[in-house]
Amino acid sequence: IIYGNIIYGHCQAFNMERAEALVREMEEEGIDATMDIYHTMMDGYTMIKNEDKCLIVYKRLKECGFTPNEVTYGCLINLYTKMGKVSKALEVSETMKSNGIKHNMKTYSMLINGFIKLKDWANAFAIFEDVIKDGLKPDVVLYNNIITAFCGMGNMDRAITTVLEMQKVRHKPTSRTFMPIIHGYARAGEAKKAIQVFDMMRMSGCIPTVHTYNALILGLVEKRQMERAVKILDEMLVAGITPN
RNA sequence: GACAAGCACA
């Protein structure tokens, strides 16, 4: 139990060697690892993009007599989408379903995100249809994913209407909701619109993050509006955000 | 049920 927390900490800090050493230490003491420990280990390996190790952990989980649950499959789907192997992720999705485990918002988000990374908008939206068909109500993250997709397609208007839609359903946009939009306008050289969205964002009570500022500054720089970019940079420092 | 596996970046 205590081990679990420490291992979790190491995984988050990318110290996978340390985490692994602890697991071994635990086994030597005759303490059985719990499922969450396997999950955090899989996650850790996913973060450092070590597919093989992650799969080994998965295999060990099964060897220890655990039955994969939705989180386990989620970890696998996450792994494959992060590696850009969406077809593999879909296979996992099928196995999961045939084992009687339904998709939830997170597994769907991961799949959509995988397709978005490949710029496969058609399939991304196909998954979104499945979500609706399942009668699930999209959550904030899923909305953010959809917005990212619209921005990637260059369909900025749909992106904005989606934001309005989610507000209607009483979902508070997060700073990540607006980032792809600001970024999209920035890339298109529409600095004015980017700033408009930025204001809209603050109006809805979102606190801009470093990434938000980065997106905005990038746009201004591309438009050769260096003075404005520098001004924003100052605002950012005043807001107590450290540039990266 | 709530935590917990899903959304940043040239």
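Residue numbering restarts at 1 for every chain, and letters A, B, ... go by the order of the sequence lines.
Residue contacts for A:D139: at a heavy-atom cut-off of 4.0 Å it reaches a base atom on one of the strands shown. Counting non-hydrogen atoms under 4.0 angstrom, A:N244 reaches nothing in the nucleic acid. Residue contacts for A:M105: at a heavy-atom cut-off of 4.0 Å it reaches a base atom on one of the strands shown.
A salt bridge links A:K97 with A:E94; the closest basic N to acidic carboxylate O contact falls under 4.0 Å.
Linking Ile, Leu, Val, Met, Phe, Trp and Tyr whenever their side-chain heavy atoms come within less than 4.5 Å puts A:I132 and A:I112 in one cluster. Using a 4.5 Å cut-off between side-chain heavy atoms of Ile, Leu, Val, Met, Phe, Trp and Tyr, with links allowed through other members, A:V141 and A:I146 fall into different hydrophobic clusters.
Whole-Å rounding puts the A:N78 CG to B:A5 P distance at 10 Å. One atom, OH of A:Y73, and another, C1' of B:A4, lie 19 Å apart when rounded to the nearest Å. Rounded to an integer number of Å, the gap from A:K106 NZ to B:A4 P is 7 Å. Atom pair A:E70:CD and B:C3:P shows a separation of 14 Å (rounding to whole Å applied). Atom-to-atom, OH of A:Y38 to P of B:A4 comes out at 23 Å; the value is rounded to the nearest Å. Between the CE atom of A:M41 and the C1' atom of B:A4 there is a distance of 17 Å, rounded to whole Å. Distance CE (A:M47) to P (B:C7): 10 Å, rounded to an integer number of Å. Atom CG in A:N145 sits roughly 8 Å away from atom P in B:C7 (whole-Å rounding).
For A:N144 and B:G6, a side-chain-to-base donor-acceptor distance below 3.5 Å is absent, hydrogens and geometry of angles not being considered. Checked by distance alone, A:D43 brings no side-chain donor or acceptor within 3.5 Å of a matching partner on the base of B:A4.
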List the atom pairs, with distances to 0.1 Å, where a side-chain N or O of residues 232-244 of chain A and a protein N or O form a donor-acceptor pair under 3.5 Å, not counting sequence neighbours.
from	atom 1	to	atom 2	distance (Å)
A:N244	OD1	A:N214	ND2	3.3

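For A:K117, no side-chain nitrogen or oxygen approaches OP1 or OP2 of B:G6 to under 4.0 Å.
A:F150 and A:F125 have tilted rings, their planes meeting at an angle from 30° to 60° on a 0 to 90° scale.
Residues from residues 147-186 of chain A with heavy atoms under 4.0 angstrom of RNA chain B, sorted by number: A:R176, A:M179.
Of the possible polar contacts, one joining the A:T46 side chain to the A:M42 backbone as a donor-acceptor pair under 3.5 Å is found.
Applying side chain to side chain donor-acceptor pair (under 3.5 Å) to A:Y108 and the options A:D134, A:N113, A:D130 leaves one that passes, A:D134.
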